[in-house]
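Computation of the quantities below employed the complete heavy-atom set of this structure, encompassing side-chain atoms and omitting hydrogens, waters and symmetry-equivalent molecules.
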Protein chains: 2
Amino acid sequence: MSRPRTTVTLTADLVILTIRSGDLCVLTVERGNEPFVGRPALPGGFLRGSESLDETAARELAEETGLDAGSLHLQQVGTYSAPDRDPRTPRVVTCAYLAIAPNLPSPRAGSDARAAGWLPVADAQRTVLAFDHNQILTDAVELARDDLQFRAIAPAFCQREFTIADLREVYEVVWGVELDKPNFHRKVTDSPDFLVPTGRKRSTGNGRPAALYRSGPATALVPPMMRPADAAF
Amino acid sequence: MSRPRTTVTLTADLVILTIRSGDLCVLTVERGNEPFVGRPALPGGFLRGSESLDETAARELAEETGLDAGSLHLQQVGTYSAPDRDPRTPRVVTCAYLAIAPNLPSPRAGSDARAAGWLPVADAQRTVLAFDHNQILTDAVELARDDLQFRAIAPAFCQREFTIADLREVYEVVWGVELDKPNFHRKVTDSPDFLVPTGRKRSTGNGRPAALYRSGPATALVPPMMRPADAAF
DNA sequence: CTAATAGTGTCTATGAGACACTATGAA
DNA sequence: TTCATAGTGTCTCATAGACACTATTAG
């Protein structure tokens, strides 16, 4: 056979999104090795031993953020296999994952001595990232924007207990829109099994305290949270 | 390192869906080699040379159906990497693709001497397929059902020119529902850039001839075609 | 004409959005 | 009290669905 089966190594790359001071941010690291030394990149690592890619992704997520992957939203975005995406041999094919995290205290710089930091997604998209990570980032963000409409993933951006205003901020930041507070409140509280009231309240010092909710068992949002036609994205 | 980088081979497996006499059908082949000799499986093949997985999938699709992948709907479903999914070494990880095809004259049995055939999806899901192909099939069908709501993929099931009734059959078969003819007609003809009238008509011998349409440039369906709450799936 | 399928009109119920209004806390 | 934010009521408009009706072919 002129073109035999190709052997490759696999990586899982992570697009870890969170919201920090009103911006949608992504975790980037500075590459410590060739290729692309010193260039910002998405965190990720090689499939090792007899892991599955999901396990690789969960392990990398724990290493980068200190968070248990079991408690976070983690899903595949797609697999990127262009032959020239990575100059190493054997070829490196990557499976990209989208992770959604609540606002973390601060990135754990230095678990493997690489500088890590949260970068607003808009800035990251204007930066030249290593490999095909610009494409991966764009695809992952688009996936997150779409999923917000139909799936109950917004609470993944929040702490375990959150207010309706917290949840609304997720939509507003990720979509780049303003939503009507009263209507939003009704929509999410009416969506069956989406939110579970805890009975507790949280006061921000100003104004009436807001009721606290936890994420409910629903995975789908019915009816969907329609993205306004004038959304920025 | 106790668990070094794992080298793997990659396959692209295809879930090729079409509609045949009122059933949603999937193309299956009988495996001619170990492992799982003689067992029905999804068509697929190894990444070779310096191709990308998309090219592998397109090549396999052309080999199995004789159709040019450029003209067909082809999208990734996900990557399946459980270490025990395939007993061979080096490990085999697969990237599953969903392809949607118009009703084809008949499967090209024998391009590589394996029996191939269209199997109703419901039957295939009750059959034990090779590898993790039952899981892949289920995921792909669910993806197709979801995408019908929001993306303009339904014409991929039809010939290049089709009637509104053809299009409605796609939805009814894939979702297992009956849709109101008048309302469906309005919805799809009102969706901007979804359908392009050709001016031609097609008569089935009975009744008023139906106008023929071609697929338009839109990729999204706005507003979405909501799946009835009583849909079978 | 009738039979059969394509396509339109129109009414009703439901959900989205605008926005006035009430509720509850802190200073 | 005032200020600020949480949450409710209610009106209007757009869309979904039910279904009566008209249109166009074959025989």
Participant: Let's test your reading of the model: under 3.5 Å, does the base of C:dT14 pair with the side chain of A:R186 as donor and acceptor?
Facilitator: no
Participant: Just to confirm, is there a sub-4.0 Å distance from OP1 or OP2 of C:dA6 to any side-chain nitrogen or oxygen of B:H185?
Facilitator: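 Answer no for this pair, as no side-chain N or O of B:H185 is under 4.0 Å from OP1 or OP2.
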Participant: Ignoring hydrogens and geometry beyond distance, is the side chain of B:R208 in donor-acceptor contact with the base of C:dT8 at under 3.5 Å?
Facilitator: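 By the distance-only test, no, there is no pair.
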Participant: So what does A:N183 touch, heavy atoms closer than 4.0 Å: a base, only the sugar-phosphate, or nothing?
Facilitator: base
Participant: Contact class for B:N206 (heavy atom, under 4.0 Å): base, sugar-phosphate, or nothing?
Facilitator: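 Here B:N206 touches the backbone only, sparing every base.
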Participant: May I ask you to evaluate whether B:K181 reaches the phosphate of C:dT5, defined as a side-chain N or O under 4.0 Å from OP1 or OP2?
Facilitator: no
Participant: To the nearest Å, give me how far apart CG (B:D166) and P (C:dG7) are.
Facilitator: 11 Å
Participant: Is the B:Y171 ring parallel, tilted or perpendicular to the B:W175 ring (thresholds 30°, 60°)?
Facilitator: perpendicular
Participant: Of all the nucleotides listed (D:dG7, C:dA6, C:dG25), which has the minimum atom distance to the side chain of B:A210?
Facilitator: C:dA6
Participant: Which part of the nucleic acid, if any, lies within reach of B:P182 when heavy atoms closer than 4.0 Å are counted: base, sugar-phosphate only, or nothing?
Facilitator: base
Participant: Any idea which of C:dT8, D:dA16, C:dA6 is nearest the B:P223 side chain?
Facilitator: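 Side chain of B:P223 sits closest to D:dA16.
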Participant: A:L179 CG to C:dC19 P: how many Å, rounded?
Facilitator: 15 Å
Participant: Pick the closest DNA chain C nucleotide for B:T189 and for A:M226 by heavy atoms, then say which residue is nearer the 5' end.
Facilitator: B:T189
Participant: From CZ of B:R227 over to P of D:dG17, roughly how many Å is that when rounded to an integer?
Facilitator: 13 Å
Participant: Which residue, B:G205 or B:M225, contacts DNA chain D at a nucleotide closer to its 5' end, judged by nearest heavy atom?
Facilitator: B:M225
Participant: What is the distance, to the nearest angstrom, from the CZ atom on B:R202 to the P atom on C:dG7?
Facilitator: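 In whole Å, C:dG7 P and B:R202 CZ are 11 Å from each other.
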Participant: Could you work out which one of C:dA26, C:dC19, D:dA6 sits closest to the side chain of A:S203?
Facilitator: C:dA26
Participant: How close or far is atom C1' of C:dG15 from atom CD of A:Q149, stated in whole angstroms?
Facilitator: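 Taking atom C1' of C:dG15 as the reference, CD of A:Q149 is at 16 Å.
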Participant: Check the distance between C:dA23's P and A:K201's NZ and give it to me in whole angstrom.
Facilitator: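 Computing the A:K201:NZ to C:dA23:P distance gives 14 Å.
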Participant: How many angstroms lie between CD in B:E169 and CZ in B:F184, if you round to the nearest 0.5 Å?
Facilitator: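 Going from the CD atom of B:E169 to the CZ atom of B:F184 covers 11.0 Å.
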Participant: To the nearest 0.5 angstrom, please state how far the CG atom of A:D166 sits from the OH atom of A:Y213.
Facilitator: 12.0 Å
Participant: Is the distance between the ring centroids of A:F150 and B:F150 less than 6.0 Å?
Facilitator: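 Centroid distance A:F150-B:F150: below 6.0 Å, so yes.
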Participant: Taking CZ in A:R151 as the centre, count heavy atoms belonging to other residues, nucleotides or ligands within less than 6.0 Å. Is the count above 12?
Facilitator: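 Count not over threshold, so no.
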Participant: Give a yes or no on whether a salt bridge exists between B:D23 and B:R20, defined as a side-chain N under 4.0 angstrom from a carboxylate O.
Facilitator: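 Answer for the salt bridge query: no.
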Participant: What is the separation between atom CG on A:D180 and atom P on C:dA20, rounded to the nearest whole Å?
Facilitator: 11 Å
Participant: Could you check how far CG of A:L167 sits from P of D:dG7, rounded to whole Å?
Facilitator: 12 Å
Participant: Between B:P228 and B:G207, which residue's closest nucleotide on DNA chain D lies nearer the 5′ terminus?
Facilitator: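 Its nearest nucleotide being more 5', the pick is B:P228.
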